Number of protein chains: 2
Amino acid sequence: MRNKVRSAFEVCPIEVGVAVAGGDWKLTIVSKLVAGPLRFGRLQREAGPVSAKTLTRQLRALEDDGILIRTVYPEVPPHVTYELTESGAALAEIAEELGDWSERYIRPVYDREDAG
Amino acid sequence: MRNKVRSAFEVCPIEVGVAVAGGDWKLTIVSKLVAGPLRFGRLQREAGPVSAKTLTRQLRALEDDGILIRTVYPEVPPHVTYELTESGAALAEIAEELGDWSERYIRPVYDREDAG
DNA sequence: CGGTATCCTGTACGATACTG
DNA sequence: CAGTATCGTACAGGATACCG
């Protein structure tokens, strides 16, 4: 994943953004964290049908790239929260725009196919 | 690819956007077309180290989703151009924002790693 | 609760060779 | 020029079982 980002740097900044934020679930995760920190289980339920394995992978990648912060509370049972950094909040705005864009331009395309 | 988009509709609009625009090279392709239509070969050179096979795939997907228009001029040798639709132009703006975001927030992360 | 380990399938993508 | 066909590798991501 990091290697992908590194080679993207030699192409263009947009491709870097795609490498960092383009994975499945990543932008959805970020958007779910705008309202405030969430715990792992809650985040998994809110994000959609994502497996624990994949969610963990994506969260770790987002953490490595400085998009969110993982906090472990030393309790039993375990308690872990995820919250956005400034970088993550900025990314969340782009995620929202992408969502609006797909509602406006993509949904009609597929609705038309379903009708026809 | 279309199946991925269809299932994304059942999750959230952001995930639809990722499914449609999140593939490697797609946003870069779109950004290269903002200045005006380009031919296949030119686009391939401008986009970066993308193979003809992948570029073709991505262009077809973008066409299917109404993001760009492919025009074939019946000449010898063949002449094909790609140009953005309104949808594509709107997506290009988001692509630019993502590029700016990565320059501002991601580059420092990796520069710091390279230094350390 | 918040993961990890293992296995598995599907697909993305590049390289190369070829074509109308 | 603008692709297509074929092959091969890499990795994403789900399912399941298990752990501190």
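So you know, we letter chains A, B, ... as the sequences are listed, proteins then strands, and number each from 1. Excluded from the calculations below are hydrogen atoms, water molecules and symmetry mates; all remaining heavy atoms, backbone and side chain alike, are included. Note that the structure is predicted; figures quoted are calculated from it, not measured.
- Which of dT4(C), dG2(C), dT4(D) sits closest to the side chain of Ala52(B) comes down to dT4(D).
- With hydrogens and angles ignored, the 3.5 Å screen pairs no side-chain donor or acceptor of Thr81(A) with any backbone N or O of Pro37(A).
- For the pair Arg39(A) and dG2(C), the criterion of a side-chain N or O lying under 4.0 Å from OP1 or OP2 is met.
- Closest to the side chain of Arg60(B), from the set dC1(D), dT4(D), dG2(C), is dT4(D).
- Atom CG of Leu55(A) and atom C1' of dT4(C) are 14 Å apart (whole Å).
- Residue-level contact check: Tyr73(A) touches neither bases nor backbone, having no heavy atom under 4.0 Å from any strand.
- Arg70(B) comes within 4.0 angstrom of the backbone, heavy atoms only, and of no base.
- Side-chain contact check for Tyr105(A) and Asp65(B): no donor-acceptor pair (N or O, by modelled atom type) lies under 3.5 Å.
- Side chains of Glu113(B) and Arg2(A) form a contact here, defined as non-hydrogen atoms less than 4.5 Å apart.
- The closest side-chain heavy-atom distance from Tyr82(A) to Arg39(A) is not below 4.5 Å.
- Among the nucleotides dG3(C), dT6(D), dG14(D), the one closest to any side-chain atom of Lys53(B) is dT6(D).
- Atom NZ in Lys4(B) sits roughly 20 Å away from atom P in dT9(C) (whole-Å rounding).
- Nearest nucleotide to the side chain of Pro78(A), out of dC1(C), dC1(D), dG14(D): dC1(C).
- With dG13(D), dA2(D), dA12(D) as the choices, the nucleotide that has an atom nearest any side-chain atom of Arg57(A) turns out to be dA12(D).
- Protein atom CD1 of Ile29(B) is 13 Å distant from nucleotide atom C1' of dC13(C), rounded to whole Å.
- Within 4.0 Å (heavy atoms only), Arg42(A) reaches no atom of the nucleic acid at all.
- Rounded to whole Å, the distance from NE2 on His79(A) to P on dC1(C) is 11 Å.
- Nucleotide dT4(D) holds its C1' atom 15 Å from the CG atom of Leu59(B), rounded to whole Å.
- Atom OH in Tyr82(B) sits about 11 Å away from atom C1' in dC1(D), given to the nearest Å.
- Taking every side-chain heavy atom of Val50(A) into account, dG14(D) is the closest of dG14(D), dA2(D), dG3(D).
- Both Thr54(A) and Asn3(A) lie close to DNA chain D; mapped to their nearest nucleotides by heavy-atom distance, the more 5′-ward contact belongs to Asn3(A).
- For the pair Gln58(B) CD and dA2(D) P, the interatomic distance rounds to 18 Å; values are reported in whole Å.
- Contact of the Lys26(A) side chain with the Val18(B) side chain is not registered, since no non-hydrogen atoms from C-beta on lie closer than 4.5 Å.
- Rounded to a whole Å, the CD atom of Gln44(B) is 11 Å from the P atom of dC1(D).
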